[in-house]
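Just below is one structure, and these are the notes that go with it.
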Amino acid sequence: MARRIDVTGADGVRLAAWEFGDPAKAGAAPEEGSTPDAPGVLLLHGLMGRASHWASTARRLSARHRAVALDQRGHGRSEKPPEGAFTRDAYVDDAEAALEQLGLAPAVLIGHAMGALTAWQLAAKRPDLVRGLVICDMRASALGGASQREWAEWFASWPVPFATLADVRKWFGEDDPWVERPNPARGEFYAEVMAESPDGWRPVFDPDQMLRSRETWVYDAHWEELAQVRCPALVVRGLDGELGRAEAQEMVRVLPRGQYAEVSDAGHLVHYDQPEAWLTAIEPFLDSLAGE
């Protein structure tokens, strides 16, 4: 099951957090199925993602952890204020507020892509709130203006509205020019961020807000903040992902307590491409944090 918990983020933005766990037994009190005293885990999705992308990971972890996934501002069921801040500080402050309001700290932060950057920036800012960190396929190097222009052109190429969810799955899994070979998991990933409207299926997010969010990190490198992370940290990359092996290993070197793992037959969406291999990569690390 997934239980929604409302969180108030920076500047009063309303955020939706989702706690995952096994369903409570029939007739049990609502709180009987939860594990409030278990070690906390906060899962942060990447750009365009949503908390439900973490469902299988969170359910697996919920046997021994209190696993909560956050719909970050502009994403999922969280507020998408037209004039809201989509800065690095806003995302980090939202995650900080979630940890404190949910009573998860000191927690393990698990982040994918943009969510991983938010996680390590928060770990550097508030080490008292973070006891461990999993960084999934996020680069520390600056990507530059060309990358931002490519993303703007990519958004403009989407054939929205899509007539059906099958069309969504096919375009993102096969027809998208960014797809090198058919990838059904990628199609499913994007189908999950679509909602039905009167004229067809459209993304639940505003692409312009996504570009504004991305603009706040692509021009800068983030090595200095990595070096400030004092807790144990695991850098995970998909073998065919966006984070290259050399850069990932340099990130591990820069992290004071860094470790490395890679998942074969996985691209950028590591936890979606190879969910079992992803869990195999992170679970020993999470177990090692028991004494932290």
Side-chain angles (χ1 to χ4, degrees), residues 18 43-60 69 71-72 74-76 110-117 134-139 143 147-197 200-207 209-211 213-214 218 235-245 247-248 261-282:
W18 303 87
L43 299 114
L44 300 171
H45 60 73
L47 190 75
M48 302 179 294
R50 64 188 307 172
S52 59
H53 283 144
W54 289 117
S56 62
T57 297
R59 290 194 180 102
R60 173 81 157 257
D71 275 334
Q72 296 173 79
H75 297 75
I110 300 178
H112 173 246
M114 178 191 75
L117 176 58
V134 177
I135 296 168
C136 180
D137 217 69
M138 179 61 188
R139 299 184 62 184
L143 303 181
S147 172
Q148 189 72 350
R149 289 191 295 274
E150 288 172 0
W151 272 69
E153 292 169 359
W154 179 57
F155 277 132
S157 75
W158 291 17
V160 291
F162 294 92
T164 67
L165 276 180
D167 292 327
V168 174
R169 295 185 181 98
K170 184 175 186 300
W171 197 82
F172 287 101
E174 300 177 26
D175 300 337
D176 182 349
W178 284 15
V179 175
E180 295 182 358
R181 60 180 183 272
N183 185 342
R186 189 175 189 269
E188 291 295 339
F189 183 94
Y190 283 97
E192 202 159 340
V193 296
M194 297 289 163
E196 191 171 16
S197 61
W201 292 82
R202 295 178 177 274
V204 299
F205 52 79
D206 179 345
Q209 290 184 348
M210 299 300 98
L211 288 172
S213 298
R214 195 173 186 274
V218 296
V235 177
V236 184
R237 63 177 290 268
L239 201 60
D240 299 315
E242 296 179 8
L243 175 61
R245 180 176 291 157
E247 184 171 353
E262 64 181 32
V263 178
S264 59
D265 298 320
H268 179 57
L269 306 175
V270 182
H271 54 304
Y272 242 66
D273 288 345
Q274 297 292 337
E276 281 301 317
W278 153 254
L279 288 163
T280 297
I282 69 169

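In this structure, the side chains of H53 and L269 stay at 4.5 Å or more apart for every pair of heavy atoms. Residues Q72 and H45 form a side-chain contact, since some pair of their non-hydrogen atoms from C-beta on lies under 4.5 Å apart. By the 4.5 Å heavy-atom criterion applied to side chains, M210 and H75 are counted as neighbours. In this structure the side chain of R60 reaches within 4.5 angstrom of the side chain of E276, judged on heavy atoms. Put simply, the side chain of D265 does not reach to within 4.5 Å of the side chain of L239, judged on heavy atoms. Looking at R214 and L143, their side chains come closer than 4.5 Å, going by heavy atoms from C-beta outward. Within the 4.5 Å cutoff, no side-chain heavy atoms of K170 are placed close to those of F162. Considering only heavy atoms from C-beta on, D273 stays 4.5 Å or farther from V263 through its side chain.
Rounding to the nearest 0.5 angstrom, the gap separating the CG atom in L44 from the CE atom in M138 is 12.5 Å. The line from OG of S157 to CD of E150 is 12.0 Å long, rounded to the nearest 0.5 Å. Considering CZ of F205 and CG of D71, their distance stands at 12.5 Å, rounded to 0.5 Å. Separation of atoms CG (L165) and CD (E188) is listed at 9.0 Å; rounding is to 0.5 Å. Rounding to the nearest 0.5 angstrom, the gap separating the OG1 atom in T57 from the OH atom in Y272 is 10.0 Å.
Put simply, the side chain of T164 gets close to the backbone of D167: a donor and an acceptor are under 3.5 Å apart. A donor-acceptor pair under 3.5 Å links the side-chain atoms of Q148 to the main chain of L211, judged by distance alone.
Relative orientation of the W178 and W151 rings is perpendicular, given thresholds of 30° and 60° on the angle between their planes. Ring planes of H268 and H112: tilted class, angle from 30 to 60°.
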Run the side chain to side chain contact (heavy atoms under 4.5 Å, CB included) test on V160 and W171 for me, step by step, so that the C-alpha distance in whole Å, both residues' side-chain angles and the decisive distance to 0.1 Å come before the verdict. CA-CA 11 Å; V160 291; W171 197 82; over 6 Å; no
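Residues passing the side-chain contact (heavy atoms from CB on, under 4.5 Å) test with D240, sequence neighbours excluded: R181. Under the side chain to side chain donor-acceptor pair (under 3.5 Å) criterion, R186 pairs with D176, not counting sequence neighbours. Under the rule for a salt bridge (charged side-chain N to carboxylate O under 4.0 Å, His left out), D206 has no partner lying at least two apart in sequence or in another chain.
Salt bridge annotation for R50-E192: absent, with no cationic side-chain nitrogen under 4.0 angstrom from a carboxylate oxygen.
Taking the centre of each ring, W158 and F172 come in below the 6.0 Å mark.
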